[in-house]
Each structure stands twice: as structure tokens, then as C-alpha cells.
Number of protein chains: 2
Amino acid sequence: MPMTEQQHAYVDRVATYFSILGSSRAWSEILAWLMICDPPHQSQAQIQESLSLSAGTVSTQLRSLVEIEFAEPVRLQGERVQYYRLRPGAWQRVMTSEMGRIAALKELAIAGEDVLPAERPERITELRAVAEFFEREWPSLLARMNESLEKGTP
Amino acid sequence: MPMTEQQHAYVDRVATYFSILGSSRAWSEILAWLMICDPPHQSQAQIQESLSLSAGTVSTQLRSLVEIEFAEPVRLQGERVQYYRLRPGAWQRVMTSEMGRIAALKELAIAGEDVLPAERPERITELRAVAEFFEREWPSLLARMNESLEKGTP
DNA sequence: CGAAAGTTTCAGGCATTATTGAAAAATGCC
DNA sequence: GGCATTTTTCAATAATGCCTGAAACTTTCG
């Protein structure tokens, strides 16, 4: 089933956003489509047709989406096809996984301390201070996020 | 002046980190080099030599670093060459500019509400809730970050 | 078990982007 | 203004990574 014009425009917009951030076009389009498709679960064949992508592309990019927990496979009662849908809580999970990038940045800062000229460490101590601040604050921020989301849908 | 082995290893490590996040190799290497070089200000020629890059590459990538305010040009007393250095506060600035990406994400969520099937809006309302939470929290988080950084270096 | 449908893998083609090198332009100094 | 040096621009080349399509593999069902 081909998309409506409105759906196409939305997929394009979302895909552009994520492509700019460094993801591949097909990856971004599949994500966008999973955000708005009806029903919310789609087979590879359906995705392939809706977005005019090859079977190989859909398989590869979908795997990557599943790997980072943006999408998940679902089986439907008495159906043989594998369906995929946007994983509930995907956006929260992205924010949670920021923690890893923060930690890696802190490690870079620490490693840099051995390399810098001793008289001018500011450049790197600054990075370290920022990373450590976020490392400290992130857990409680996430906790508040979860709380806020629960309240939002009572 | 060529780099020491230790410096080279560090540049390589930092450059790998940023390259994975989507930046070009040369861009990442220049950034890494500006983090640890001695003195902290370097001319294009020096950067070119240290990193074995062409003049054109250094010019182009450095401009991009200046544009996003990671680097800044500096003039030295009685010297004709233009020097560049890592801009103080660069890392804080990155965190500050996250605000824009959060806002854009919220816009995507809002736009999506017109496209989704009416019976199953969760996928997008969830995104909206997350984006709005961060939009609310980010300013005060940044304020605390700045406070924390000032205290750190009294 | 065999057939049919679905999925993955991967070599090759294609498109995009990065980098170079050289020429042109700009800058600062005398 | 004129010279020396630095910087930018840009066309050509190289590198990279995406996507396709076909073949191999897997799964499900009769």
C-alpha cells in the first residue's frame, strides 16, 4: 500500500532530521514510517513497498533499528510473517543511553590529561568538568523524566 | 613540527570518537589537535604539518570549526599569521546548543500528530512528552552546570 | 518431507562526500 | 604601490558508504 502524500511528507521531514544527525536515509525513513504507520506493526514486505526500498536494505537497516532498541519484532496470532513496530519507550531509552556517550567523553578527557602541556590544562579540564557534571546529574534527570511521563498519562 | 607518538595516539582516539558520531576525519583530527597542542594556538601551516593534511582541507575544516564556535581565530602581538585555538567554553556551548535539537524534535512530534492514525497516538505523544520534559528542564540544568563549573575553578 | 514464503547475506554499481593540489585572492608589511 | 606570505577557492581524484538484486538460507505449513 503506497503512502498518502501527507505521510510521505512526514517521513521525508523526519528522515531529513535524522539524516543530518548522521543516520542513513533508509534507516531514517524506516524509523519515520514506524512512527506513523497504520497498523503500527509492519512486515518487511510492507515497509519495502511503502518506502520503495529493496528487500536487502529493509533487512539490514531494520536489524540496526532492532539492535539499538528502536524497533522490535512482534508475532501476530496465527500469522507466519514477522512484524516490526516502534518499541514502546524508545525515546526514553535514547535519553538513557546518552549516559554511555557522556562516560566516553569523560574518558577522553581523562586520557587527555596525560598528553596536554602541563601549563595549560584548561582545555581538557573543562571538558572533564562538563562530562562529570552530566554524569552526576543524568540519573536523577532520567528519574524525573520517568516520573513526569507516568504522570502525563494517568 | 611532527607530533609525538603519544600525541598521535590521542588525536587518533579523539578523532575516532567524533568520526563515529558523523564528523569527517580531518575535522575531528583538527579538533583533537587543538585540544592538546602546545602552544594552544596554531597556524594553518602548523596544523597542516602536524596532521599531514593539505592546505585546502585545513582551511575548509577549520572554517567549519570556527562556524560552530569550537575554534576561534586569534592574533598574536606583532605577528602576521592568523592563529586558531580551541574556543574557551566550547564544551559548555555544545550542551547549550542541544536546546535547539530538543526543540526541533518537539516540532517533529507535534507535526506527527496530524499524520498518525487517531486510535494509536502513543508512539508520538511519547516523543512529545520526552521532548517537552527536556525543554522544560534543560535551562535550569545548564544554569547548574555553569554554577558547578565556576565553583570547580575558584 | 517438500513447497512456498520470508529473510539474510554480500558482491558490485552508484552516489555522495572528503581530500588534494594548484591557482587565485587576500592580507599585512615595507 | 609592490612584495612575500598566508588563506581561500575549486576542479579533479580518491575514498567511503549506501543501496540493490540475486542467490543462499531459514522458517512455516500442508
Side-chain angles (χ1 to χ4, degrees), chain A residues 1 11-12 14-34 37 39 41-68 70-85, chain B residues 1 11-12 14-34 37 39 41-68 70-85:
Chain A
M1 182 174 41
V11 165
D12 192 55
V14 174
T16 299
Y17 178 88
F18 286 99
S19 297
I20 288 173
L21 266 57
S23 307
S24 86
R25 187 81 202 172
W27 187 97
S28 307
E29 288 190 358
I30 295 173
L31 172 59
W33 178 234
L34 290 178
C37 58
H41 48 85
Q42 302 271 303
S43 69
Q44 290 202 16
Q46 289 173 323
I47 295 171
Q48 187 184 339
E49 157 142 38
S50 302
L51 299 170
S52 308
L53 295 170
S54 74
T57 299
V58 173
S59 169
T60 307
Q61 301 304 321
L62 204 44
R63 165 141 39 91
S64 141
L65 282 165
V66 169
E67 224 155 61
I68 63 169
F70 250 121
E72 69 184 356
V74 280
R75 311 238 33 138
L76 261 63
Q77 276 285 10
E79 287 226 38
R80 52 199 295 179
V81 232
Q82 185 72 263
Y83 288 94
Y84 296 86
R85 69 169 177 210
Chain B
M1 178 174 45
V11 165
D12 192 54
V14 174
T16 299
Y17 179 88
F18 286 100
S19 297
I20 288 173
L21 268 56
S23 306
S24 87
R25 187 82 201 172
W27 187 97
S28 307
E29 287 189 0
I30 296 173
L31 172 59
W33 179 234
L34 290 178
C37 56
H41 48 86
Q42 302 273 300
S43 69
Q44 290 202 17
Q46 290 173 322
I47 295 171
Q48 187 185 339
E49 158 144 37
S50 303
L51 299 171
S52 309
L53 295 170
S54 74
T57 299
V58 173
S59 170
T60 307
Q61 301 304 321
L62 203 44
R63 167 143 33 95
S64 141
L65 282 166
V66 170
E67 223 156 62
I68 62 168
F70 251 119
E72 68 183 356
V74 278
R75 311 240 30 138
L76 261 62
Q77 274 287 9
E79 288 226 39
R80 51 199 296 178
V81 235
Q82 185 72 263
Y83 288 95
Y84 295 87
R85 70 169 177 209

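Owing to the predicted nature of the structure, the values given are computational and were not obtained by experimental measurement. A, B, ... follow the sequence lines: proteins, then strands. Residue 1 opens every chain.
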Rounded to the nearest 0.5 Å, how far apart are [atom1] of [X] and [atom2] of [Y]?
{"X": "B:Tyr83", "Y": "B:Ile47", "atom1": "OH", "atom2": "CD1", "value": "11.0 Å"}
{"X": "A:Ser50", "Y": "A:Leu34", "atom1": "OG", "atom2": "CG", "value": "10.0 Å"}
{"X": "B:Tyr84", "Y": "B:Gln46", "atom1": "OH", "atom2": "CD", "value": "12.5 Å"}
{"X": "A:Leu62", "Y": "A:Glu67", "atom1": "CG", "atom2": "CD", "value": "11.0 Å"}

Notebook entry, point to check: Does A:Ser19 reach the main-chain N or O of A:Ala15 with its side chain, forming a donor-acceptor pair under 3.5 Å?
Noted result: yes
### Exam field: side chain B:Arg85 to backbone B:Gln42, donor-acceptor pair closer than 3.5 Å
no
By nearest-nucleotide position on DNA chain C, the 5'-leaning member of A:Ser59 and B:Ala55 is A:Ser59
Residue pairs passing the salt bridge (Lys or Arg N to Asp or Glu O under 4.0 Å) test with at least one member in residues 16-27 of chain B, sequence neighbours excluded, are B:Asp12-B:Arg25, B:Arg25-B:Glu29
Just how far, in rounded Å, is [atom2] of [N] from [atom1] of [X]?
{"X": "B:Gln48", "N": "D:dT5", "atom1": "CD", "atom2": "P", "value": "16 Å"}
{"X": "B:Leu62", "N": "D:dT8", "atom1": "CG", "atom2": "P", "value": "8 Å"}
{"X": "B:Arg63", "N": "D:dT6", "atom1": "CZ", "atom2": "C1'", "value": "15 Å"}
{"X": "A:His41", "N": "C:dG6", "atom1": "NE2", "atom2": "C1'", "value": "17 Å"}

ask   = Quick one: is C:dT8 close enough that its OP1 or OP2 comes under 4.0 Å of any side-chain N or O from A:Gln44?
value = yes
- Task: Please lay out, stage by stage, how B:Thr57 and B:Leu51 fare under the test side-chain contact (heavy atoms from CB on, under 4.5 Å).
- Result: CA-CA 11 Å; B:Thr57 299; B:Leu51 299 171; over 6 Å; no
Kindly give the atom pairs (protein nitrogen or oxygen, nucleotide nitrogen or oxygen) under 3.5 Å for nucleotides 14-19 of chain C.
residue	atom	partner	partner atom	Å
C:dT19	OP1	B:Ala26	N	3.1
C:dT19	OP2	B:Ser24	OG	3.4

I'd like a list of close polar pairs between nucleotides 24-29 of chain C and the protein, N/O only, cut-off under 3.5 Å.
residue	atom	partner	partner atom	Å
C:dG28	OP1	B:Arg75	NH1	3.2

